[in-house]
There are 2 protein chains.
Amino acid sequence: MITKVLIAEDHESANISLQKTLEDLAIVDTAHAYYCDDALNKVSIALKAGSSFDLLITDLYFEPDAREQTLSGGMELITAARKIQPGLKILVFSAESRPAIIDQLYSQLDIDGFVRKARNDARELKEAISEITRHRRYFPRHIMQLIEKRNVYAFSEFDIRIITLLAQGMLQKDIPAHLQQNGIKPSGLSSIEKRLNQMKDALGFSKNEQLVAYCKDLGAI
Amino acid sequence: MITKVLIAEDHESANISLQKTLEDLAIVDTAHAYYCDDALNKVSIALKAGSSFDLLITDLYFEPDAREQTLSGGMELITAARKIQPGLKILVFSAESRPAIIDQLYSQLDIDGFVRKARNDARELKEAISEITRHRRYFPRHIMQLIEKRNVYAFSEFDIRIITLLAQGMLQKDIPAHLQQNGIKPSGLSSIEKRLNQMKDALGFSKNEQLVAYCKDLGAI
DNA sequence: ACTTTTTTTATGGGAAACCGTAATGGGTGA
DNA sequence: TCACCCATTACGGTTTCCCATAAAAAAAGT
C-alpha cells in the first residue's frame, strides 16, 4: 500500500495539482521538494527515521537558480534515491515526449511509471498510482507506442558520436583525427562516410542536416 | 473587479492548480475549456447571455488530438476572443520562455499579463490577477529581463524557411528555385548564402548542421 | 598456416558548398 | 534625368563533401 509520497517538482502549480490528485486518492501523507538535493535529503532522513517514503513522484528537469545543486535533474535524483533506498517506487511526471529519453527511463533507470504532462495527465496519474500500488508498472499503450516508434533505426554509440560532432560544427574531414585522439575505432574517413550513408539510406535521407534534425527530435543527441 | 474567469488549458493538472489558485483568491465562478474552440464558444455564449467573462487565462500551445480545431493555439484564441469582446482581460500562463514570443504577446496581442510555468508560478499567478484586478498590466522584472535579453539571434521568417528546407534535405543550390515557385524573394543563391553566413556569424557557428541543431533546441523548426 | 571473407582505410574524380568580388537592378534625392 | 546607394544576383576559385573503386588490414573458416 502506498501511503507516504514525496513530490519532487520545481513548478509550484504542478506541485499543487499533484497534491490535489493524491488527496483524491486519500493519500495525505505527502512531502514536497522544490529542488533535487532537498528531495534526496528527505528520502534519506525519512529512511533513517524508519518512516521511509513509499513513492517518489519526480519531474525530470529542474530549472537552475541561485541555489547551487549537486544533483542536476530527475535522472540523477532517481539514481541517487534508489542507491540509498532500492525498493523505492518511482513515478516520473514530466512534459518529456522524446522516445529515446522515455525508453531510457524504463530500461535503464527501471522506473515504475511515466506520466506525461498532457491532456489527461491527472487521470493518468491516478491510474499510474493505482497500478504501482498493486506492484505493477504503469505502461500505458500510448507511451509504448511512443517508444516503439523509435525502432525505425537503432543508432549505435558510434552513430551518435558522429552526428553529435557534426551538430557541434566539426568538419567531416576532421572527425578521424578526433576519433583517434579518443581511441575510438574505426576512425577512417571512409568508415565515417559509410556509416552516415547507411543511416541516411535506412531513413530515406540524403543530407546530414536531416540526420541532425531527426536525432534532435528523438532526443538522441 | 474580477469575478468570472475562463481557463483555457489542455493539461488537466494545470487546470486543477489554476482552479485551486483562483479559489485562494476567492474567485469561484470559473469555467474550463480543454480546447481553443470550446474556449471561444464559451466567451461568445457568456457575452450573448449578458454574463461575460472578466478574465481569460490561457495557455499558448494545445496538443492536437482527434478533435478537429479551427483555432490552432492560444495566440489565435486571444485574437478571436478580443474580436468579439474587446475589453476582455487576458492572462497567458505558459511554459514559453523564448523572448521573441513573449515580446510579441505584449506588443502585438496586448495581453494583460504573462506568467511562465516555472518555480513560483502559483504565487506569480496571484500577483498577476491582483494587478489585473487593479486594471494594471503584469510586467514582472524577470519577464522584462527575458525580453530585453535579446542578444540571441532573432530568426526571421526567411531564416526559418531556409533552415527548414535544409533540415528536410533540400540541397542549398535547389533552394532558389523553390523560393521562386512560392513567390518569396530574395531568392538568389547568394542571398541565401549571405543569410546563412549572417546567422552562423551571429551565433559563432561554422556549419549548417549547427544551425539545424540550434533551431531544433529552440523549437523554431 | 593458408585461404576466404569481411571490415577498415586510402585514393581520385566530380558535385556541392563556401567565400570573395564584380555586375545588375530598383529606389531615392539632387 | 542622372548620379548614388542599397540590396540582390551572378561568377570564379578554393575547400569540403560525396561516391565509387581499390588496397590494406583484420577476422573467420578450413
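For the numbers below, each heavy atom of this structure counts, side chains included, while hydrogens, waters and symmetry mates do not. Below, chain A is the first sequence line, B the second, and so on; all start at residue 1.
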Is there a side-chain polar atom (N or O) of B:Asn208 under 4.0 Å from OP1 or OP2 of C:dC18?
yes
Nearest to side-chain heavy atoms of B:Leu171, which nucleotide of C:dT9, D:dT8, C:dA17:
C:dA17
Does B:Ser191 have a side-chain nitrogen or oxygen under 4.0 Å from the phosphate oxygens OP1 or OP2 of D:dA7?
no
In whole angstroms, how far is the P atom of D:dT15 from the CG atom of A:Asp174?
14 Å
Between P on D:dT8 and CG on B:Leu196, what's the gap in Å once rounded to a whole number?
14 Å
Atom-pair distance (CD1 on A:Ile175; P on C:dA10), nearest Å:
15 Å
Rounded to whole Å, the CG-P distance (A:Leu189 to D:dT21) equals 18 Å
Could you check whether the rings of B:Phe205 and B:Tyr214 sit parallel, tilted or perpendicular, using 30° and 60° as the cut-offs?
perpendicular
side-chain N/O B:Lys200 vs C:dC18 OP1/OP2, d < 4.0 Å:
yes
Nearest 0.5 Å please: distance from the CD atom of A:Glu63 over to the CZ atom of B:Arg119.
7.0 Å
Rounded to whole Å, the CG-P distance (A:Asp201 to D:dC19) equals 10 Å
Strictly below 4.0 Å, N to O, side chains only: are B:Asp110 and B:Arg137 in salt-bridge contact?
yes
A:Phe158 CZ to C:dT8 C1': how many Å, rounded?
10 Å
From the candidates C:dT9, D:dT8, D:dC19, the one with an atom nearest any side-chain atom of B:Lys194 is D:dT8
Taking only N and O in the side chain of B:Asn197, is any of them less than 4.0 Å away from OP1 or OP2 of C:dC19?
yes
Quick one: does B:Asp112's side chain have a donor or acceptor within less than 3.5 Å of a partner on B:Ile90's backbone?
yes
Regarding the side chain of A:Ser190, the nearest nucleotide among D:dC18, C:dT11, D:dT9 is C:dT11
Please evaluate residues B:Arg161 and B:Glu157 with respect to the criterion salt bridge (charged side-chain N to carboxylate O under 4.0 Å, His left out), reporting the C-alpha separation (whole Å), side-chain torsions for both, the decisive distance (0.1 Å), and the verdict.
CA-CA 6 Å; B:Arg161 188 116 197 178; B:Glu157 287 285 330; over 6 Å; no
Any B:Lys207 side-chain N or O less than 4.0 Å from OP1/OP2 of C:dA17
no
Distance in angstrom units between B:Gln198 CD and C:dC19 P, rounded
13 Å
Between C:dC18 atom P and B:Ile192 atom CD1, what is the distance in whole Å?
12 Å
Against the side chain of B:Gln172, the closest entry in C:dA17, C:dT9, D:dC19 is C:dA17
